[in-house]
Enquirer: 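First the structure, which I've put down as structure tokens, then a few questions once you've had a look.
Numbers for residues simply follow the sequence, beginning at 1. First listed ligand is number 1; within each ligand, the first listed atom is number 1.
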Amino acid sequence: MHPALAKTIADVDPEIAELIAKEERRQRDSIRLIASENYVSGAVLAATGSILTNKYSEGYPTKRYYEGQQYIDQIEQLCIERAKALFGADHANVQPYSGSPANLAVYFAFLKPGDTVMGLGLPAGGHLTHGWPVSITGSYFKAVQYGVRRDTHRIDMDEVRELALKERPKLIWCGGTAVPRTIEFAAYAEIAKEVGAILAADIAHISGLVAGGAHPSPVPFADVVSTTTHKTLRGPRGGMLMCKTAHQKAIDKAVFPGLQGGPHNHTTAGIAVALKEAATETFKQYAKQIVANAKALAATLVEHGFDLITGGTDNHLVLADLTSKNISGKIAAKALDAAGIELNYNSVPFDPRKPFDPSGIRLGTSSVASRGMKEAEMKQIGAWMAQVVAAPADTALHAKISGEVREFCAKFPAPGILL
Ligand code: DSN
């Protein structure tokens, strides 16, 4: 944080200031492999922490319910135009508070309670909001879930088609939170067309890769594209919906007044800055490096005897099944955290264990790529991971590696962290 701002917080609230400083040091000194996190730039951080948080702006640019929108309108319009240009979309709504509200708006735009929705099941790598039973989307709608093949752990598009023909969903989701392989948007679009469904592509995890040309784009194929803005896209925490012109009215109405009140203008400005950064050649290189790092980390883990779901990755994400290492995902994740390597425990397809103590761990390389780490560094990280997973109770080893990790991280300053 900028020292002047840190001092301002410390003067008013030393307790919170101290906790922010500790978290900043933690983020600086550890290797972040959480697939859904990243480090925003100083510019994104500054926009997000700006006075724009003071303003209410229900409505859309030039059609607001409060006065004083001279600059807010320009900020939101710039953000919309940048999103449209970057992704080649007809329309963009940049107001969703995050990914789940964005997805809920898609339901509100196109479905009535009880209508059928089809999405990838959570244990197979989908998202709660794609119709999983504990989510509102699985209880207010009739949800049918497709999975992955038992032999390859990949989505079988013939099975998706069969299920769609049988269930005739009104809405089909593609994308998810633990899908390490390229999403076949064209094949989904054909199926959706055949059954008369709306196709929604949730690219929350991969939107930075799509923007940087490191993953195919869903925009030519999907009716609606939903994304968070803080994962590979490297913006502040927020959400966006993009759609074809024919759906613009329905989507905008569903977000406001359907679901939300005033947009978070400080977030909108942060998203606008992130979209400008994502339109650069440097970001294209960054997106490619994320994927190169994930492939390198996957290869290293395989060399160290890890079983990877689908055997590897096409994107930023690696999912490992630790069953053959005789350790649960949760125990491994906690030991790795103690060693300064931060990731999350995760279910794997057909997991016999419960989601709160599953068989796998999920890793992503967007944050380490943001720090300028490359393939050679992934080899070192993979080696540390293997040591920790082989000795989950060896606290002395974890402390030693955590010290090495701190020194290693010091060579790769994280964007936005000035300490
Ligand atoms: N929590 C996000 C993730 O980690 O993938 C999904 O919402």
Enquirer: Walk me through it: do Leu209 and Ile290 pass the test side-chain contact (heavy atoms from CB on, under 4.5 Å)?
Expert: CA-CA 8 Å; Leu209 305 184; Ile290 294 176; 4.0 Å; yes
Enquirer: Test side-chain contact (heavy atoms from CB on, under 4.5 Å) on Arg28 and Glu23; report intermediate values, then the result.
Expert: CA-CA 8 Å; Arg28 181 195 63 185; Glu23 170 63 10; over 6 Å; no
Enquirer: Do any heavy atoms of His205 fall under 4.0 Å from ligand 1?
Expert: yes
Enquirer: Indicate yes or no: does an N/O atom of Arg362 lie under 3.5 Å from an N/O atom of ligand 1?
Expert: yes
Enquirer: Under 4.0 Å and counting heavy atoms only, is there anything from the protein next to atom 1 (N) of ligand 1?
Expert: no
Enquirer: Can you find an N or O of Thr177 that's nearer than 3.5 Å to an N or O of ligand 1?
Expert: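 The answer is no, given that Thr177 and ligand 1 share no N or O pair closer than 3.5 Å.
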Enquirer: Write down the atom of Arg82, the atom of Ala272, and the distance for their closest heavy-atom approach.
Expert: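 Taking every non-hydrogen atom into account, NH1-O, 3.0 Å.
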Enquirer: Which is closest to atom 3 (C) of ligand 1 in terms of heavy atoms, Ala35, Ser36, Ala204?
Expert: Ser36
Enquirer: Write out the residue and atom name of the closest protein heavy atom to atom 7 (O) of ligand 1, then the distance separating them to 0.1 Å.
Expert: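 Scanning the protein heavy atoms, the shortest distance from atom 7 (O) of ligand 1 goes to His127 NE2, 2.9 Å.
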Enquirer: Quick check: do His205 and Thr177 have side-chain heavy atoms less than 4.5 Å from each other?
Expert: yes
Enquirer: Hey, does the Lys NZ or Arg CZ of Arg234 hover above the aromatic six-ring of Tyr39, less than 6.0 Å from the centre and inside 45° of the axis?
Expert: no
